[in-house]
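One structure below.
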Amino acid sequence: CIINSSGVSSELVITGMPVIATGKSWFNTMVVFDEPKTWEGVKKMIDDKKYNVGPTRRVMRKKWVNWWVNHQFFIGEKTDLLNVYIKKFKDRETQ
């Protein structure tokens, strides 16, 4: 998968998929993604099927996902907020 500094990267990493990151972000150079410097580098990586998901990358991905998960929610925040707001919306429609 090719991303440009996207939040979807976490879901892709969790599934173990190889990810090519093209944009600059705080996670660059953390050995989580393949990071070609040019569009030609992206093409070459795809053509050569040179995706790195070896042991070192797997360890770094676990660390990164752990950090990401621990910073996505406030401590004590309800985890079903989407369902709460959908219910409020539906209740308002029936009034």
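Lys62 pairs by the salt bridge (charged side-chain N to carboxylate O under 4.0 Å, His left out) definition with nothing, not counting sequence neighbours. Every residue meeting the side chain to side chain contact (heavy atoms under 4.5 Å, CB included) condition with Asn66, not counting sequence neighbours, appears here in chain and number order: Asn70. In this structure Lys63 satisfies the side-chain hydrogen bond (donor to acceptor under 3.5 Å, both in side chains) test with no other residue, sequence neighbours excluded. Legend: residues meeting side chain to side chain contact (heavy atoms under 4.5 Å, CB included) with Lys37, ordered by chain and number and at least two apart, are absent.
Note: the hydrophobic cluster containing Leu12 does not contain Val59 (ILVMFWY, side chain heavy atoms under 4.5 Å, direct or indirect links).
Across all their heavy atoms, Pro36 and Gly41 have their closest contact at CB-C, 3.7 Å. Across every non-hydrogen atom of Trp64 and Met30, the tightest pair is CD1-CE, 4.2 Å.
Taking 4.5 Å as the limit, some side-chain heavy atom of Val19 sits within range of a side-chain heavy atom of Arg61. Counting heavy atoms from C-beta on, the side chains of Asp34 and Val42 never come closer than 4.5 Å.
Expressed to the nearest 0.5 Å, how far CH2 of Trp39 lies from CD1 of Ile2 amounts to 7.0 Å. Interatomic distance, NZ of Lys44 versus CD of Glu40, reported as 12.0 Å (0.5 Å rounding). Here CD1 of Ile86 is found 6.5 Å from NZ of Lys90. Values are rounded to the nearest 0.5 Å.
Side chain of Glu35 to main chain of Thr29: a donor-acceptor pair is present (N/O by atom type, distance under 3.5 Å, no hydrogens or angles).
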